[in-house]
Amino acid sequence: MSAKSPEDRILAAIRAIPHGQVAGYGEVAHRAGLPGRARLTARILGQNDDPALPWHRVLRSDGRIAFPEGSKAFHEQSQRLRAEGVKVENGRVKRPRKADDLDAALWGPGSR
DNA sequence: AATTTGACCCGTC
DNA sequence: AGACGGGCCAAAT
(Lines give C-alpha, C1' and ligand atoms only; values in the text may rest on other atoms or scores of the structure.)
Protein backbone atom coordinates (compact mmCIF):
# COMPACT_ATOMS: atom_id res chain seq x y z
CA MET A 1 0.00 0.00 0.00
CA SER A 2 1.19 3.33 -0.79
CA ALA A 3 1.04 5.65 2.14
CA LYS A 4 2.30 8.70 0.35
CA SER A 5 3.53 11.47 2.54
CA PRO A 6 2.93 15.12 1.67
CA GLU A 7 6.52 15.45 0.61
CA ASP A 8 6.17 12.74 -1.98
CA ARG A 9 3.05 14.31 -3.37
CA ILE A 10 4.65 17.72 -3.55
CA LEU A 11 7.69 16.31 -5.29
CA ALA A 12 5.48 14.41 -7.71
CA ALA A 13 3.52 17.56 -8.49
CA ILE A 14 6.71 19.46 -9.17
CA ARG A 15 8.00 16.72 -11.43
CA ALA A 16 4.66 16.86 -13.24
CA ILE A 17 5.33 20.38 -14.48
CA PRO A 18 5.86 20.15 -18.23
CA HIS A 19 8.91 21.54 -19.94
CA GLY A 20 8.56 25.22 -20.73
CA GLN A 21 5.83 25.73 -18.16
CA VAL A 22 5.83 27.12 -14.67
CA ALA A 23 3.73 26.75 -11.53
CA GLY A 24 3.36 28.57 -8.25
CA TYR A 25 4.11 27.09 -4.84
CA GLY A 26 0.47 27.21 -3.86
CA GLU A 27 -0.47 25.78 -7.21
CA VAL A 28 1.85 22.86 -6.73
CA ALA A 29 0.60 22.31 -3.21
CA HIS A 30 -3.01 22.47 -4.33
CA ARG A 31 -2.24 20.09 -7.17
CA ALA A 32 -0.63 17.73 -4.65
CA GLY A 33 -3.84 17.67 -2.67
CA LEU A 34 -2.58 20.07 0.00
CA PRO A 35 -4.42 23.37 -0.40
CA GLY A 36 -2.91 26.21 1.58
CA ARG A 37 0.38 24.44 2.18
CA ALA A 38 2.45 26.62 -0.11
CA ARG A 39 5.08 27.04 2.61
CA LEU A 40 5.37 23.33 2.82
CA THR A 41 6.30 23.21 -0.84
CA ALA A 42 8.92 25.87 -0.25
CA ARG A 43 10.40 24.02 2.68
CA ILE A 44 10.54 20.79 0.72
CA LEU A 45 12.23 22.50 -2.18
CA GLY A 46 14.86 23.79 0.20
CA GLN A 47 15.39 20.34 1.59
CA ASN A 48 15.22 18.45 -1.67
CA ASP A 49 18.23 16.47 -2.77
CA ASP A 50 17.07 15.51 -6.22
CA PRO A 51 19.07 17.20 -8.97
CA ALA A 52 16.47 15.99 -11.46
CA LEU A 53 13.80 18.01 -9.74
CA PRO A 54 12.72 20.96 -11.92
CA TRP A 55 12.77 23.38 -9.01
CA HIS A 56 13.38 26.24 -11.41
CA ARG A 57 9.84 25.82 -12.75
CA VAL A 58 8.39 26.72 -9.37
CA LEU A 59 7.70 30.41 -8.83
CA ARG A 60 5.65 32.65 -6.58
CA SER A 61 2.03 33.39 -7.36
CA ASP A 62 2.90 36.75 -8.80
CA GLY A 63 5.12 34.99 -11.30
CA ARG A 64 8.17 36.25 -9.50
CA ILE A 65 11.22 34.25 -8.61
CA ALA A 66 11.34 33.35 -4.94
CA PHE A 67 14.99 34.34 -4.49
CA PRO A 68 16.32 37.81 -3.79
CA GLU A 69 17.43 39.64 -6.89
CA GLY A 70 21.13 39.36 -7.50
CA SER A 71 21.38 36.05 -5.73
CA LYS A 72 23.09 33.20 -7.50
CA ALA A 73 20.06 30.94 -7.34
CA PHE A 74 17.97 33.77 -8.72
CA HIS A 75 20.17 34.16 -11.72
CA GLU A 76 20.42 30.45 -12.28
CA GLN A 77 16.67 29.99 -12.15
CA SER A 78 16.00 32.83 -14.55
CA GLN A 79 18.60 31.53 -16.94
CA ARG A 80 17.24 28.02 -16.77
CA LEU A 81 13.72 29.26 -17.42
CA ARG A 82 14.87 31.22 -20.41
CA ALA A 83 16.54 28.11 -21.72
CA GLU A 84 13.15 26.45 -21.67
CA GLY A 85 11.42 29.20 -23.58
CA VAL A 86 10.03 31.09 -20.59
CA LYS A 87 10.34 34.83 -20.70
CA VAL A 88 11.92 36.33 -17.63
CA GLU A 89 12.14 40.07 -17.18
CA ASN A 90 13.44 41.86 -14.13
CA GLY A 91 12.82 38.83 -11.94
CA ARG A 92 9.31 38.53 -13.24
CA VAL A 93 8.22 35.57 -15.31
CA LYS A 94 5.78 35.91 -18.12
CA ARG A 95 3.61 32.91 -18.73
CA PRO A 96 4.14 31.70 -22.28
CA ARG A 97 1.15 32.46 -24.46
CA LYS A 98 0.25 30.25 -27.33
CA ALA A 99 2.22 32.28 -29.81
CA ASP A 100 5.19 32.39 -27.49
CA ASP A 101 4.91 28.70 -26.89
CA LEU A 102 4.90 28.01 -30.57
CA ASP A 103 7.78 30.35 -31.06
CA ALA A 104 9.71 28.62 -28.33
CA ALA A 105 8.91 25.28 -29.86
CA LEU A 106 10.28 26.46 -33.18
CA TRP A 107 13.24 28.44 -32.01
CA GLY A 108 13.76 27.05 -28.54
CA PRO A 109 15.96 24.20 -27.34
CA GLY A 110 15.80 21.08 -29.32
CA SER A 111 15.05 22.91 -32.51
CA ARG A 112 17.98 23.94 -34.22
C1' DA B 1 8.30 24.40 25.43
C1' DA B 2 7.80 29.12 23.33
C1' DT B 3 9.39 32.15 19.73
C1' DT B 4 11.32 33.04 15.33
C1' DT B 5 12.06 32.04 10.74
C1' DG B 6 11.24 30.50 6.07
C1' DA B 7 12.52 29.15 -2.07
C1' DC B 8 4.53 31.33 0.46
C1' DC B 9 -0.69 32.97 -0.52
C1' DC B 10 -4.76 35.74 -0.36
C1' DG B 11 -7.84 39.67 0.42
C1' DT B 12 -7.88 44.49 1.03
C1' DC B 13 -6.14 49.40 0.68
C1' DA C 1 2.35 48.09 -8.72
C1' DG C 2 3.43 47.97 -3.70
C1' DA C 3 2.21 47.75 1.40
C1' DC C 4 -0.35 45.35 5.51
C1' DG C 5 -2.32 41.82 8.10
C1' DG C 6 -3.78 37.08 8.80
C1' DG C 7 -3.15 32.24 7.77
C1' DC C 8 -0.51 27.92 7.17
C1' DC C 9 3.07 24.30 8.71
C1' DA C 10 7.50 22.44 10.06
C1' DA C 11 12.30 23.09 11.40
C1' DA C 12 15.56 25.77 13.97
C1' DT C 13 16.96 28.36 18.13
Side-chain angles (χ1 to χ4, degrees):
Chain A
M1 284 252 305
S2 33
K4 288 188 186 172
S5 43
E7 277 104 319
D8 293 335
R9 292 187 186 173
I10 295 281
L11 291 171
I14 294 171
R15 289 191 186 111
I17 304 174
H19 177 148
Q21 279 212 331
V22 292
Y25 292 85
E27 203 173 319
V28 168
H30 188 79
R31 211 167 154 166
L34 305 164
R37 315 300 184 254
R39 295 195 98 161
L40 186 60
T41 307
R43 199 189 69 78
I44 288 170
L45 272 173
Q47 291 286 300
N48 78 333
D49 258 353
D50 192 340
L53 189 73
W55 59 271
H56 54 270
R57 291 183 197 150
V58 186
L59 315 161
R60 292 211 263 194
S61 328
D62 292 349
R64 271 208 162 186
I65 295 186
F67 295 106
E69 206 174 317
S71 160
K72 189 180 177 178
F74 176 93
H75 203 109
E76 180 170 340
Q77 182 166 14
S78 53
Q79 196 163 324
R80 260 179 116 151
L81 286 171
R82 279 180 186 171
E84 294 196 350
V86 179
K87 284 192 171 179
V88 182
E89 297 198 8
N90 195 17
R92 204 182 275 146
V93 174
K94 289 258 183 178
R95 300 234 179 170
R97 289 172 297 159
K98 230 171 187 192
D100 286 347
D101 196 359
L102 181 58
D103 199 24
L106 291 174
W107 291 89
S111 79
R112 147 89 97 144

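Nucleotides C:dG6 and B:dA7 have their P atoms positioned 23 Å apart, rounded to a whole Å.
Side chain of A:Glu84 to main chain of A:His19: no donor-acceptor pair is present (N/O by atom type, distance under 3.5 Å, no hydrogens or angles). Judged by distance alone, with hydrogens and angles left aside, the side-chain atoms of A:Ser71 form no donor-acceptor pair with the main-chain N or O of A:Phe67 at under 3.5 Å.
Judged by closest nucleotide on DNA chain C, A:Arg64 is the one of A:Arg64 and A:Gln47 placed further toward the 5' end. Nearest-nucleotide mapping onto DNA chain B: of A:Leu40 and A:Asp62, the residue sitting toward the 5' end is A:Leu40.
Protein atom NE2 of A:His30 is 15 Å distant from nucleotide atom C1' of C:dC8, rounded to whole Å. Nucleotide C:dC9 holds its P atom 13 Å from the CD1 atom of A:Ile10, rounded to whole Å.
First and last contacting nucleotides of DNA chain B toward chain A (any atom under 4.0 angstrom from a heavy atom, 5' to 3' order): B:dG6 to B:dC10.
When heavy atoms are screened at a 4.0 angstrom cut-off, A:Gly46 is found touching base atoms of the nucleic acid. Looking at heavy-atom distances under 4.0 Å, A:Arg37 makes contact with sugar-phosphate atoms alone, never a base.
The two residues A:Gly24 and A:Val58 have their closest heavy-atom pair at C-CG1, 4.4 Å.
Atom NE2 of A:His75 has 12 or fewer neighbouring heavy atoms from other residues, nucleotides or ligands inside a 6.0 Å radius.
Electrostatic pairing of A:Glu76 and A:Arg80 counts as a salt bridge here, judged by a charged N lying under 4.0 Å from a carboxylate O. In this structure, A:Asp62 does not pair ionically with A:Arg92, as no charged nitrogen and carboxylate oxygen lie closer than 4.0 Å.
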